[in-house]
Amino acid sequence: MKIIFATNNAHKLSEVQAVLGDGFELVTPRMCGVEEDIPETSDTLEGNASQKSHYLYEKTGLDCFADDTGLEVEALDGAPGVHSARYATDGHDFQANNRLLLKNMEGKENRRARFRTVISLIEGGEEHLFEGIVEGRIIDHESGSEGFGYDPLFVPDGFDRTFAEMTAEEKNAVSHRGRAVRKLVEYLHKNA
């Protein structure tokens with residue numbers, strides 16, 4: 001089954017494809033002729049995921065899904081949250097985002113944080129939402145070279161390594177995106 005995934009991020013694409021498995025072929029917006037940036041103007045993860053999937057569906061008429069993910073840090077009142085990708089700059093500058101997060105966490109005793117992903121699937125014109133959450137903590141220095149984004153700073157509960165120190169398989173087994181995608185896959189298999 002072909003399905004459009006509203007991302008042009010190669011890391012995210014391969015992460016999601018690995019969880020989806022062989023029964024599904026992910027197609028990017030570019031492959032369907034959608035070259036422009038898809039709007040993300042909501043102040044919630046749910047709103048952004050929904051906005052992106054509706055935009056793609058209106059442009060292509062094809063079943064599609066979009067996600068939005070945020071890192072929510074307790075000591076920062078849930079920031080960066082919906083602004084995670086553009087925390088330090090207008091672009092997806094992971095290193096600048098990590099530097100700003102570490103700066104804002106200086107002197108904070110509470111290191112609790114969670115990653116949250118919301119997926120909006122539009123199938124046959126109907127929207128379905130799926131959520132994945134992983135609890136953990138922010139460490140005080142970057143560690144590891146795998147993954148992307150805040151992965152070098154986030155240690156999930158029950159582990160002593162950051163996401164960036166895990167293999168893709170290890171991360172997908174416990175990650176927020178992996179959990180949300182497994183709910184999506186379960187729904188798609190049940191309704192295929």
Side-chain angles (χ1 to χ4, degrees), residues 5-20 26 28 37-38 40-49 52 66-119 130-184:
F5 179 24
T7 189
N8 289 307
N9 178 326
H11 290 290
K12 197 189 282 190
L13 197 65
S14 62
E15 237 178 54
V16 172
Q17 184 67 67
V19 179
L20 273 176
L26 287 183
T28 65
D37 283 339
I38 300 171
E40 291 182 78
T41 57
S42 177
D43 57 2
T44 66
L45 298 176
E46 292 82 358
N48 276 340
K52 291 189 286 188
D67 77 319
D68 201 20
T69 295
L71 174 66
E72 300 170 343
V73 181
E74 281 184 15
L76 302 178
D77 298 321
V82 74
H83 304 291
S84 292
R86 295 173 177 83
Y87 189 44
T89 66
D90 286 343
H92 294 259
D93 186 336
F94 300 140
Q95 290 168 328
N97 289 341
N98 286 338
R99 281 193 304 271
L100 181 59
L101 179 61
L102 286 174
K103 181 177 180 294
N104 290 341
M105 289 298 288
E106 282 175 10
K108 305 270 193 232
E109 279 187 40
N110 179 1
R111 310 296 287 192
R112 298 297 305 159
R114 69 181 188 166
F115 267 119
R116 193 163 68 93
T117 292
V118 177
I119 293 175
F130 308 92
E131 181 181 56
I133 295 173
V134 64
E135 302 283 345
R137 63 188 166 83
I138 302 298
I139 59 173
D140 62 4
H141 63 282
E142 290 189 37
S143 187
S145 58
E146 297 300 312
F148 61 100
Y150 298 98
D151 287 357
L153 297 175
F154 184 83
V155 176
D157 286 350
F159 292 84
D160 59 3
R161 294 175 292 148
T162 66
F163 273 159
E165 294 173 300
M166 296 179 180
T167 66
E169 292 77 23
E170 289 173 315
K171 179 185 171 186
N172 283 338
V174 297
S175 81
H176 47 294
R177 188 170 292 111
R179 290 174 180 182
V181 170
R182 279 190 291 281
K183 290 177 184 176
L184 168 73

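Residue numbers start at 1 and run along the sequence shown.
Distance check, rounded to the nearest 0.5 Å: OG1 of T69 to CD1 of I119 gives 8.0 Å. A distance of 8.0 Å separates CG in D160 from CD in E165, rounded to the nearest 0.5 Å. Atom CG of residue N172 and atom CD of residue E170 lie 10.5 Å apart, to the nearest 0.5 angstrom. Atom CZ of residue R137 and atom CG of residue N110 lie 12.0 Å apart, to the nearest 0.5 angstrom. To the nearest 0.5 Å, atom CZ of residue R177 and atom NZ of residue K171 are 6.0 Å apart.
When side chains are defined from C-beta on, K108 counts as touching L76, because their heavy atoms get closer than 4.5 Å. Looking only at side-chain heavy atoms (C-beta outward), I133 and F115 stay at 4.5 Å or farther from each other. Counting only heavy atoms from C-beta outward, the side chains of R86 and E40 approach each other to under 4.5 Å.
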Next item on the list: Take F159 and M166, measure what side chain to side chain contact (heavy atoms under 4.5 Å, CB included) needs, and give me the verdict at the end.
Entry: CA-CA 10 Å; F159 292 84; M166 296 179 180; 3.5 Å; yes
Note to self: With salt bridge (charged side-chain N to carboxylate O under 4.0 Å, His left out) as the criterion, how do R99 and E142 come out once you've worked through the C-alpha distance, each side chain's angles and the decisive distance to 0.1 Å?
What the structure shows: CA-CA 9 Å; R99 281 193 304 271; E142 290 189 37; over 6 Å; no
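When every heavy atom of R182 is checked against every heavy atom of A173, the shortest pair comes out as NH2-O, 3.1 Å. When all heavy atoms of V82 and N48 are compared, the pair lying nearest together is CG2-ND2, 3.3 Å. In terms of heavy-atom proximity, P80 sits nearest to V73 at CD-CG2, 4.1 Å. Among all heavy-atom pairs drawn from F148 and K12, the shortest one is CE2-N, 4.2 Å. Y87 approaches L100 most closely through the heavy-atom pair O-CD2, 3.5 Å. Of all heavy-atom pairs spanning F154 and A113, the tightest one is CE1-O, 3.8 Å.
With E131 as the fixed residue, the side chain to side chain donor-acceptor pair (under 3.5 Å) test singles out one of R179, H176, R116: R116. No option in D67, V134, V181, D68 other than D67 meets the side-chain contact (heavy atoms from CB on, under 4.5 Å) test with T117. The only member of T162, L71, L102, D140 that meets side-chain contact (heavy atoms from CB on, under 4.5 Å) when paired with L153 is L102.
Salt bridge present: D157 and R112 bring a charged side-chain N and a carboxylate O closer than 4.0 Å.
A side-chain donor-acceptor contact under 3.5 Å links Q17 to the backbone of L26. In this structure, N97 contributes its side chain and S84 its backbone to a donor-acceptor pair below 3.5 Å.
Residue-environment remark: CD (E135) exceeds the threshold of 12 foreign heavy atoms within 6.0 Å.
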